[in-house]
Structures are given as structure tokens and as C-alpha cells.
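In what follows, a structure is listed as C-alpha cells, so that the remarks can point back to it.
Counting starts at 1 for both ligands and their atoms, following the listed order. Because the structure is a prediction, the values reported are computed rather than measured.
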Amino acid sequence: MSKVDVLLGLQWGDEGKGKAVDFLAPKYDVVARFQGGPNAGHTLEFDGKKHVLHQIPSGIFHEQIKNVIGNGVVIDPIVFQKEIEELGPYNLDLKSSLLLSNKAQLILPTHKLLDKALEISKGNEKIGSTLRGIGPTYQDKVGRHGLRIGDIIEPDFDTRYTKLKEQHLSILDRLGFNEDHSEAEKEFFESLDLMRSFQVLSTEYFINDSISTGKKVLAEGAQGTLLDIDFGSYPFVTSSNTTTAGACAGLGIAPKQIDQVFGIFKAYCTRVGSGPFPTELFGEEGESLRKLGNEFGATTGRPRRCGWLDIPALNYSCMLNGVTQLFMMKADVLSGIDTVKMCNAYIKDGEQTEEFPFIYTDSYEPVNESLEGWTLDSYDNFESLPSKLKQFVETIEGKVKTPVSLISLGPDRKETVLKKI
Ligand code: GDP
Ligand code: IMO
Ligand code: MG
């Protein structure tokens, strides 16, 4: 019997999960997304081409692998159609390699309108949502009136769709939000036809059968731990559990089936959207890191806020997820900087704390440590990396008490180094 490994983000998303899943995928038989939806943008680069996936798992370019969109995902059929069309030129046998859970919730055009209307109604307190309809769709799931992929083949689907849409329209009316969605509705129904041509099944059976027949499964997270609905910097979070627990619920896997948990982090931090960010750099410093790291959202194109690595947050994320191995991404971005920093604690009301706060306020000041920077040259393996970079890695391992087993030094699949543990 084989087990499931989980790969997830330890920060505020965009850590490089897409690249890492694509890199590891050849070791697996199944890659399965367990939560989130089109708010995600997972970038893969190989053979000089860049691909951004939103809902489709990042193992899709490896033909021998089955890719599963799990029950924990919220799926927009219109985005699904676009993604399938974009994959067209690669001649992948998607009807065979992509499986959809009949229990994944559908994002309706009116869910996106609600997302927009609710954000507008929040004024200055807005979450900075990607406006992909994520929050309202998960709300309907928990409210027990959502529609699921499995429903699209039922004879009463249109009636149920209309009922839910009418509910949405009455909320929108109360919020004074009125935007035409007739075009989107047309696209929605067209895209359902495409969806019906895919394999829609109880993927929890497929995954558990894969495990019991010795196949290797990799669960792919979206967003990051600090955006988790329970443990993130609430209310500036997404609407799902982005943690290892979310992988169990979002795929139908028992906790005892989880083996390795790969926790991904950038050598610094970024955040897109609103919410607290204690190590954030402003002005010139922030701008320069943003430029070096090309930190612009893969889904919305928004500039990402940038700051130094946050060790208390990393420790918190490792604790919540049971991380067994760390993957450090974007180490190349810090190359050439004389002094790099990491935050070891926060000062709150004159007291030092290493605990991730209930709610961050501006009074949380980072306590930073300075380390000598490095300049990246050619490298073959971990040993041939600059000594200051190796020290940076070892410092993190010491503070987080978890080994760093992969270091990423560029967006391409090949720009990756494995470190022996
Ligand atoms: P994800 O959401 O976690 O999959 O991450 P995104 O794709 O949203 O953002 C990561 C960005 O960094 C993408 O543009 C990747 O191509 C890029 N990237 C990933 N790893 C590295 C790396 O090690 N170095 C550099 N320079 N870019 C990287
Ligand atoms: P990947 O998988 C970075 C952020 C949004 C916003 C908050 C809530 O690419 O790492 P939502 O649309 O979920 O209601 O937005 O969460 N957010 C992400 N930030 N990467 C993501 O996904 C994100 N998905 C959502 O910017 O602050
Ligand atoms: Mg992303």
C-alpha cells in the first residue's frame, strides 16, 4: 500500500507550487488538487514556454499521470473551458488523464457578481479578493444549497440553477448591485457541455483505490497556509482550508494515508490583496524586490507586496501542516543583494513574541536578523551553491527544525537543486 504526499504553500500563496508539482510529478501516478479554484494561478515553465494553470492540476503535462480535480475544489466551468482550449496545442489526451469529482462545487456567473458586490460593500476593509466567486461559492456549499459537477447531468439541473440564481439576484438587488450577466450565463451553459464530455466520478474511490494498488499520489494545494480560513490572517483570507487537513477533506483521504508533507516557501515573502504583513517592505526597497522577483499576480496581474522572510509565520505553518520537508523557492531573486534579512520575532506592546498573532495590527514590529547575501553563479548541485546561500538555508533549517530538501533557482523546471538530507 502506498501513501499520499502533500505539497502546499506555507506563506500567502504564489510560493511556486506549480513549478514544484511539475518538477516532482514524474515520481507520481496521480496529482490531485484539493481546494481553491480559479483564484489560483500556478505557473510552470519548461522548453522555453510558460503555462499558467488555475483549476487544472500541475501534473497535466506528464501524460502517464492521472490528474484529479477533487471535491474540495470550487470550479468555474467557463475558466475550465478556457484552460482546456489553451492546452489544445499540446495534444494531451485530457479525456483520459483528467478526472473531475462529481462533488466539486460549481461557480455560477452570479457567484462572481456577488463576490464583486460584497467586496464593494466592504469599502476600505475589502479583502482584495481575486473576484473569481470563491467566497460566495463556498458560502453556498456550507449553506447546503450549492450546485455540484455531478448535478449537471441531472434532469432538474436547469430548475435548480434558476432557483439558486434567483436567490443571488435578490441578494444583489438588496446590495444595490446590478450588472448584466446574460453573456456570462450563455458561456456558462456552453462550457457545461464540454464538462459533460469529461470523466466525472466519485474521485474519492479512484484515489483510495490508487493508494491500495500501490500507486503514488501527490496532493496539490492552492493559496497558502496564511490564507487558510481558520488559521490565516482572518478575515483577510480565502474561504477554504489550505492546510494538510484540507487535503484529507478535499480528496476523501484518511489522515493516516498522509506520508510526506512538502512545505513550499519563497526565500522572502509576498502577499497580494489586503491584510497584515509584518515584514512588508515599502518604497524603494519593496519596489526593488518586486522587480527582481517579477512579483505580479499570475491570475490578476496585480503587483504583489514584498517583504523579508518571516520565521515565526513559517514555524506556525509547519506546525499546522506537519511539514516533513521544506522547499525553498526563488533563492535566485535575492542574488546580488549585499544584506538579506529574516524576521525572528515580533514586538507587540514592548514585548517580544514568536507567536503568530490573533490579528496583526500595525503595532507588530518585526525583529529582523541580517545575513550576508550571495551572488549566484553556475551550479550543478547543492554543494556548488555559494556558501552564503548554503548558510542561509542552514540557518532556516536550524530555526524551523525541518530539513530543506529542494532549492529552486529560477522559474524553469531545470533550475532546481535537490539537497541530500
Ligand atoms: P504558485 O501559485 O505557488 O504556483 O506560484 P505562482 O506561479 O503564482 O508564482 C510563482 C512565480 O515565480 C511564477 O512566475 C514562477 O514562474 C516563478 N518561479 C517559481 N520558482 C521560481 C524560482 O525559483 N525563481 C524565480 N526567479 N522564479 C520562480
Ligand atoms: P495560488 O494558488 C496568492 C488571495 C487574494 C485575496 C485573498 C482572498 O496561486 O497561490 P479569494 O479570491 O480567494 O476570495 O481572495 O486571497 N489569494 C491568493 N493570493 N495566491 C493565490 O493562489 C491566491 N488565491 C487567493 O489575493 O487576498
Ligand atoms: Mg499563484
Side-chain angles (χ1 to χ4, degrees), residues 7-23 33-46 49-55 57-58 73-74 76 107 111-112 114-116 118-119 122 126-139 220-229 232-240 242 262-277 289 291-305 327-335 376 406-417:
L7 185 149
L8 43 72
L10 299 179
Q11 296 163 323
W12 283 285
D14 300 332
E15 296 90 350
K17 297 175 291 294
K19 171 184 166 163
V21 169
D22 172 60
F23 176 81
R33 263 282 297 273
F34 59 86
Q35 44 67 237
N39 50 350
H42 293 182
T43 315
L44 286 61
E45 274 190 47
F46 53 87
K49 285 216 176 81
K50 176 172 157 171
H51 312 271
V52 181
L53 298 168
H54 300 286
Q55 309 176 124
S58 301
V73 172
V74 289
D76 183 334
I107 302 179
H111 279 129
K112 288 180 269 187
L114 281 171
D115 213 357
K116 215 164 158 187
L118 291 165
E119 274 288 75
K122 288 193 166 89
K126 71 173 183 175
I127 308 292
S129 158
T130 59
L131 304 179
R132 298 304 192 263
I134 306 298
T137 307
Y138 277 117
Q139 252 173 286
E220 174 181 7
Q223 291 78 56
T225 304
L226 305 178
L227 288 170
D228 180 88
I229 183 71
S233 45
Y234 191 90
F236 302 102
V237 292
T238 192
S239 302
S240 61
T242 58
F262 306 125
I264 303 217
F265 69 102
K266 282 180 193 171
Y268 49 97
C269 279
T270 64
R271 171 162 210 171
V272 35
S274 327
F277 182 179
L289 198 46
K291 273 208 196 106
L292 288 170
N294 190 24
E295 294 295 356
F296 297 89
T299 297
T300 58
R302 290 179 292 176
R304 295 175 182 146
R305 300 153 66 191
F327 293 177
M328 187 171 90
M329 313 300 282
K330 302 192 96 161
D332 55 307
V333 171
L334 300 183
S335 168
L376 198 61
L406 181 150
I407 298 161
S408 175
L409 298 145
D412 194 273
R413 228 185 231 171
K414 292 200 184 107
E415 294 167 303
T416 314
V417 157

Who's the nearest protein heavy-atom neighbour of [atom], and how far?
atom: atom 26 (N) of ligand 1; answer: D332 OD2, 2.7 Å
atom: atom 20 (N) of ligand 2; answer: D14 OD1, 3.0 Å
atom: atom 14 (O) of ligand 2; answer: S129 OG, 3.3 Å
atom: atom 27 (O) of ligand 2; answer: V272 O, 3.1 Å
atom: atom 6 (C) of ligand 2; answer: G128 O, 3.2 Å
atom: atom 23 (O) of ligand 1; answer: S408 OG, 2.5 Å
atom: atom 11 (C) of ligand 1; answer: K330 NZ, 3.7 Å
atom: atom 23 (C) of ligand 2; answer: Q223 CG, 3.6 Å
atom: atom 13 (O) of ligand 2; answer: T238 OG1, 2.6 Å
atom: atom 15 (C) of ligand 1; answer: T43 CB, 3.9 Å
atom: atom 12 (O) of ligand 2; answer: T130 OG1, 2.5 Å
atom: atom 4 (C) of ligand 2; answer: L227 CD1, 3.9 Å

N or O contact, [X] vs ligand 1, cut-off under 3.5 Å:
X: D14; answer: yes
X: G41; answer: yes
X: G13; answer: no
X: G18; answer: yes

TODO: Please could you name the atoms of ligand 1 that K19 approaches to less than 4.0 Å, counting only its heavy atoms?
DONE: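 So the atoms of ligand 1 that pass are 20 (N).
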If you measure from each heavy atom of [X] to ligand 2, is any distance below 4.0 Å?
X: K17; answer: yes
X: G36; answer: no
X: H42; answer: yes
X: R302; answer: yes

Below 4.5 Å, heavy atoms only, C-beta onward: do [X] and [Y] meet side chain to side chain?
X: H54; Y: H42; answer: no
X: Q35; Y: V74; answer: no
X: I127; Y: S274; answer: no

Open item on the list: Using a distance threshold of 2.8 Å, state whether an N, O or S atom of G297 lies below it from the Mg ion (ligand 3).
Closed with: no
Task: Donor + acceptor pair across side chains of E119, S129 (<3.5 Å) - done: no
Task: Cationic tip of R271 above F277 ring, under 6.0 Å, 45° of axis - done: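 Checked: cation-pi criterion not met.
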Open item on the list: Given the Mg ion (ligand 3) as the apex, I'd like the angle to OD1 of D14 and O of G41, rounded to 10 degrees.
Closed with: 170°
Compute the shortest N/O to N/O distance between [X] and ligand 2 and return yes if it is under 3.5 Å, no if not.
X: D115; value: no
X: S274; value: no
X: S239; value: no

Task: Non-hydrogen atom of G410 closer than 4.0 Å to ligand 1 - done: yes
- [ ] Look at ligand 1 and say whether R304 reaches it with a heavy atom at a distance under 4.0 Å.
- [x]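 Yes, R304 has a heavy atom closer than 4.0 Å to ligand 1.
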Open item on the list: Tell me whether F296 at atom CZ has more than 12 heavy atoms from other residues, nucleotides or ligands lying less than 6.0 Å away.
Closed with: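 Yes, because the 6.0 Å sphere around CZ of F296 holds more than 12 heavy atoms from other groups.
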- [ ] Could you check E415, E15, K19, R413 and say which one makes a side-chain hydrogen bond (donor to acceptor under 3.5 Å, both in side chains) with S408?
- [x] K19
Task: Contact summary for L227 and F236, nearest pair of heavy atoms - done: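 Nearest pair, atom of L227 first, then F236: CD2-O, 3.8 Å.
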Open item on the list: Nearest non-hydrogen contact with atom 9 (O) of ligand 2 belongs to which option: A222, G41, G37?
Closed with: G41
Open item on the list: Out of all atoms in ligand 2, which are within 4.0 Å of some heavy atom of W12? Include the element for each.
Closed with: 3 (C), 19 (N)
